[in-house]
Amino acid sequence: MQRTKSSLLQIQPPTYGNLVTILSIDGGGIRGIIPATILEFLESQLQELDGEEARLADYFDVIAGTSTGGLVTAMLGAPNEKKRPLFSAKDIKPFYLEHCPKIFPQKFSFGAIGRLFRSMAGPKYDGEYLHRVVRQKLGEIRLHETLTNVVIPTFDIKAMQPTIFSSYQIKSSPCLDARLSDICISTSAAPTYLPGHHFKNQDPEGNVREFNLIDGGVSANNPTLVALNQVTKQVINEDPDFFPIKPMDYGRFLIISIGTGTAKNEQKFNAKMAAEWGMLGWLTNGGSTPLIDVFTQSSADLVDFHLATVTQALHSQDNYLRIQDDTLTGTVSSVDISTKENLKKLGRIGDDLLKKPVSRVNLETGQFEPVENGGTNEDALKKFAKILSQERRLREKRSPHANNSKTTGPHNLSI
């Protein structure tokens, strides 16, 4: 029979369920269209199970995102006036298609020489349109107002250390309760592409903290481990919202990690070329920035390599899904070539990625290989959607707060 609508607006704490659910989204500029396509499909599956009002924030204990992934995270978690997600997953790709050409305008004067001098004089783009549209969409919404926990890495260039904007840390570090717009602008400030972001934030006690931030991809382009770290801290501190988890009990985590695509292995560069580069060669070469490409891709891959190793060793690999395309070539491997044609290509890559087989990194070679009998990414997302729906329903059944809320959330799974 069809159960009645959920009486809960937000997902109940993990302590009433069996799993801790994590969604993570990599950085990658305009390539954010790829995870946007994946997320739209996942949310559509949840809606088939639980009704058209279902949103991703209703199912994940934490959503983490870096750079463009941080913007997607904020869009999924920010509330509207009805205390429901400001954006649905299907809204993200149209947002990118509309705004990316204005964030990354392609009309540069003076040709290659002009671009070279511009890259030496300052960032490639002034960021003014990005700042304006982010502030317009997110307004004065602050970190504590998100509908589920969010984790967004940045890097403080003055302190020379990562700054993690985390819902879990607001209580102990109230100065981190910044506006989502400032957080998104900061985590997107990729070196050489967009300017760093400076702002101050004051906590309720009047203490002021100054931030000097650049792209979170400097420290964690794949923020999955950062999200795991934030959750683990709550377990260590015996937060009552979290059931006891034994050390290294990765079987209690359900993780979906979505990449923004990487260049095909033999694409772009080689050691012979790099041996001749000076500072300018590393900063601008072949229409991209090799130094940025290297540290963002390597940090993302190392996180996946670690999680693949640990989950396989502890026989919990079925609870970890990494969706990534490592075959990008030409303009689609860029983070900023925002022509309409290129953006549409990225959308098609996302659609094709759903049809590709589930792949897992080979621990010997470091290469992605199809999982035997693993089905497609589409199949895997359908399976994970069912698990997420069942986990939410279990928590509602066990939670003593379930019958006290008067708000209305998504429908529950038909049984």
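Each residue takes its place number in the sequence, starting with 1.
Taking both residues in full, the closest heavy atoms of P35 and I258 are given as CB-CG2, 3.4 Å, listed atom of the first, atom of the second, then distance. Nearest approach of G32 to Y96, heavy atoms of both residues: CA-CE2, 4.0 Å.
Looking at N222, its side chain does come within 3.5 Å of a backbone N or O of T224 through a donor-acceptor pair. Under the 3.5 Å distance criterion, the side-chain polar atoms of Q106 are matched with a main-chain donor or acceptor of D336. Using a distance-only test at 3.5 Å, with no hydrogens or angles considered, no donor-acceptor pair links the side chain of E378 to the main chain of L354. No donor-acceptor pair closer than 3.5 Å links the side chain of N221 to the backbone N or O of D26.
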Inset, instruction - List the steps and the verdict of side chain to side chain donor-acceptor pair (under 3.5 Å) for D61 and T21. - result: CA-CA 5 Å; D61 295 306; T21 55; 3.1 Å; yes

Legend entry - Worked verdict on Y168 versus D239 for side chain to side chain donor-acceptor pair (under 3.5 Å): CA-CA 10 Å; Y168 296 115; D239 187 321; over 6 Å; no

Inset, instruction - Assess whether side chain to side chain contact (heavy atoms under 4.5 Å, CB included) is satisfied between F165 and L180, documenting all intermediate values. - result: CA-CA 9 Å; F165 288 93; L180 283 181; over 6 Å; no

Legend entry - Test side chain to side chain donor-acceptor pair (under 3.5 Å) applied to T154 and S186, step by step: CA-CA 6 Å; T154 65; S186 300; 6.0 Å; no

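Atoms CD1 and CG, from I30 and L97 in turn, are 10.5 Å apart once rounded to the nearest 0.5 Å. One distance of note links CG of D177 with OG of S166; it measures 11.5 Å at 0.5 Å rounding. Here the straight-line distance linking atom NZ of K158 with atom CD of E210 works out to 4.5 Å at 0.5 Å rounding. A distance of 10.0 Å separates NZ in K383 from CG in D379, rounded to the nearest 0.5 Å.
For the pair R84 and E53, the salt-bridge criterion is not met [side-chain N within less than 4.0 Å of a carboxylate O]. A salt bridge links E391 with R395; the closest basic N to acidic carboxylate O contact falls under 4.0 Å. Salt bridge D325/R31: absent, no basic N to carboxylate O contact under 4.0 Å.
Remark: the N229 side chain and the T232 side chain contain no N/O donor-acceptor pair separated by less than 3.5 Å.
Here the rule is side chain to side chain contact (heavy atoms under 4.5 Å, CB included) with L49, and of K386, K382, R392, Q390 only K386 fits it.
Within the 4.5 Å cutoff, the side chain of I25 has heavy atoms near those of the L39 side chain. Taking the side chain as every heavy atom from C-beta outward, L213 and T163 approach each other to under 4.5 Å. Here the side chains of R322 and R360 are not in contact, with every heavy-atom distance at 4.5 Å or above.
Remark: K90 NZ is loosely packed, at most 12 non-hydrogen atoms of other residues, nucleotides or ligands lying under 6.0 Å away.
The aromatic rings of Y125 and Y193 lie parallel to each other, their planes meeting at an angle below 30°, with 60° marking the opposite boundary. Relative ring orientation between H197 and H131 is described as perpendicular, the plane-to-plane angle rising above 60° on a 0-90° scale split at 30° and 60°.
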